[in-house]
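Presented below is the structure to which this report refers.
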Amino acid sequence: MIYKICPALLLVFISLFPSKFFFKDTKSSTQIELTKSSSVNEEETVYNKLHSDQYALPKLESFTQALKGFNRLKEEGVISKNILTLIDFSLSSNSKRLWVIDLNTNKILYNSLVAHGRNTGEEFATSFSNSAQSFKSSLGFYATGEIYSGKHGKSLRLDGLEKGINNKARERAVVIHGADYVSDSFIKNNKRLGRSLGCPAIPLQLVDEIIQTIKDKSCLFIYYPSESYKGASGLIS
């Protein structure tokens, strides 16, 4: 009789305390979590190694998104240079909110004023568009193109890489060029930086150096903390 009762009691005990009898292999899930953690921290690791010299660092959030997109575009062969240009349009136009970073050396090469489109905002950028004649800036990732000489002198064409966000940049003639309204003197006289028709215009004294550095398939990222951009972009998720 006791031999019949014992197996029954054993089954009841197993059903009440299954973890005592069945062991879960957590090794693989732990490895996955570690991999995810490493991936998340990669951008911050690079950020902490940036050599800023006399320049201020960009914000970690903007740099994190920029580097994520850069890595994807580099893997896909869309860009070929290890040069990253980051523009942070969450900052005042009166501050230096453009960075050119050499990712081979982690050195910040330039930190400059940069204009936004006249319909994007006054001192602060608030509204963005991919539409022709909007005179607004467009967010997202671009590949730099070829140098040409236009009405603003030496200029650099841009190809928007995100459909519905900035892919009309070339047809809108959104380019990098120099402008006299991108200067400390303009800010002093007008209380804010001058504005473009949608181009990321930069100071005249830096235009030759910056264009020469970033031309021909380097990555440009224009950042703004926009939830709609985050949802639409396939490069930062």
Side-chain angles (χ1 to χ4, degrees), residues 28-93 95-114 116 124-125 128 137-145 156 158-167 169 176 200 202 210 213-237:
S28 59
S29 62
T30 302
Q31 288 175 335
I32 290 170
E33 289 303 316
L34 287 172
T35 301
K36 285 182 180 177
S37 177
S38 299
S39 176
V40 168
N41 292 327
E42 178 187 352
E43 294 81 17
E44 189 170 354
T45 299
V46 176
Y47 180 83
N48 290 331
K49 292 180 180 178
L50 290 178
H51 305 302
S52 59
D53 294 336
Q54 73 268 32
Y55 302 126
L57 288 173
K59 291 190 296 188
L60 176 59
E61 172 65 20
S62 62
F63 181 80
T64 296
Q65 290 189 16
L67 190 59
K68 279 183 180 178
F70 169 89
N71 286 334
R72 289 193 179 187
L73 293 169
K74 191 73 187 294
E75 286 173 8
E76 294 169 5
V78 178
I79 57 172
S80 56
K81 287 184 171 180
N82 284 336
I83 297 289
L84 173 61
T85 303
L86 167 61
I87 295 173
D88 185 350
F89 275 161
S90 72
L91 301 175
S92 164
S93 63
S95 63
K96 293 181 177 181
R97 53 186 182 163
L98 177 148
W99 290 263
V100 178
I101 303 166
D102 184 342
L103 291 174
N104 285 323
T105 61
N106 290 334
K107 184 177 181 180
I108 296 176
L109 303 177
Y110 301 98
N111 178 208
S112 169
L113 295 168
V114 60
H116 56 248
F124 286 90
F128 307 92
S137 301
S138 301
L139 300 177
F141 288 90
Y142 299 76
T144 60
L156 182 66
L158 299 173
D159 291 301
L161 302 176
E162 301 195 77
K163 188 174 181 180
I165 298 171
N166 62 20
N167 63 305
I176 292 180
I202 58 178
I210 289 179
T213 301
I214 71 174
K215 66 177 182 177
D216 299 331
K217 302 296 182 185
S218 75
C219 179
L220 164 69
F221 176 59
I222 298 180
Y223 168 83
Y224 186 80
S226 164
E227 289 303 317
S228 60
Y229 170 72
K230 274 184 168 181
S233 176
L235 291 171
I236 61 171
S237 56

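Sequential numbering from 1 along the given sequence is applied to the chain's residues. Not measured: the values here are computed from a predicted model.
For K107, the NZ atom is loosely surrounded, since the number of other residues' heavy atoms within 6.0 Å does not exceed 12. Counting non-hydrogen atoms of other residues, nucleotides and ligands closer than 6.0 Å to NZ of K59 gives a total above 12. Within a 6.0 Å sphere centred on NZ of K74, heavy atoms belonging to other residues, nucleotides or ligands number more than 12.
At least one donor-acceptor pair closer than 3.5 Å links the side chain of T144 to the backbone N or O of S218. A distance-only check finds no donor-acceptor pair linking the side chain of N111 to the backbone of W99 [under 3.5 Å]. Distance alone, capped at 3.5 Å, places no donor-acceptor pair between the K230 side chain and the I236 backbone. R97 places no side-chain N or O within donor-acceptor distance of the main-chain N or O of S90, the cut-off being under 3.5 Å. Between the side chain of N167 and the backbone N or O of G164 there is at least one donor-acceptor pair closer than 3.5 Å. Remark: the backbone N or O of L60 is paired with a side-chain donor or acceptor of T64 at under 3.5 angstrom. Using a distance-only test at 3.5 Å, with no hydrogens or angles considered, no donor-acceptor pair links the side chain of D53 to the main chain of Y55.
To the nearest 0.5 Å, atoms CZ (F63) and CZ (F221) are separated by 11.5 Å. Note: F70 CZ to I83 CD1 = 8.5 Å, rounded to the nearest 0.5 Å. Atoms CG and CD1, from D216 and I79 in turn, are 13.0 Å apart once rounded to the nearest 0.5 Å. Here Y142 contributes atom OH and N166 contributes atom CG; the two are 4.5 Å apart, rounded to the nearest 0.5 Å. Rounding to the nearest 0.5 Å gives a distance of 8.0 Å between NE2 of H116 and CZ of F128. Atom-to-atom distance recorded for L57:CG and I108:CD1 is 5.0 Å, nearest 0.5 angstrom.
At a threshold of 4.5 Å between non-hydrogen side-chain atoms, the residues R72 and S237 count as touching. Using a 4.5 Å cut-off on side-chain heavy atoms (C-beta onward), I222 and S137 make no contact. The shortest side-chain heavy-atom distance between K215 and K81 falls under the 4.5 Å cut-off.
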Task: Pair F124-S93, side chain to side chain contact (heavy atoms under 4.5 Å, CB included): steps then yes or no - done: CA-CA 6 Å; F124 286 90; S93 63; over 6 Å; no

Open item on the list: Before you tell me yes or no, could you show the steps for I202 and I176 under side chain to side chain contact (heavy atoms under 4.5 Å, CB included), namely the whole-Å CA-CA distance, both residues' side-chain angles and the distance that decides it to 0.1 Å?
Closed with: CA-CA 7 Å; I202 58 178; I176 292 180; 3.8 Å; yes

Open item on the list: Run L103 and L67 through side chain to side chain contact (heavy atoms under 4.5 Å, CB included) and show every step you take.
Closed with: CA-CA 10 Å; L103 291 174; L67 190 59; 3.9 Å; yes

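Residue P200 is tested with T85, I87, L156 for a side-chain contact (heavy atoms from CB on, under 4.5 Å); the sole match is I87.
Here the shortest heavy-atom pairing between P58 and Y47 reads O-OH, 2.7 Å. Minimum interatomic distance between S226 and L139 (heavy atoms only, all atoms of both residues): CB-CD1, 4.2 Å. Listed here is the closest heavy atom pair of N71 and E42: ND2-OE2, 3.6 Å. For the pair S233 and E162, the tightest heavy-atom approach, listed with the atom from each and the gap, is OG-OE1, 2.6 Å.
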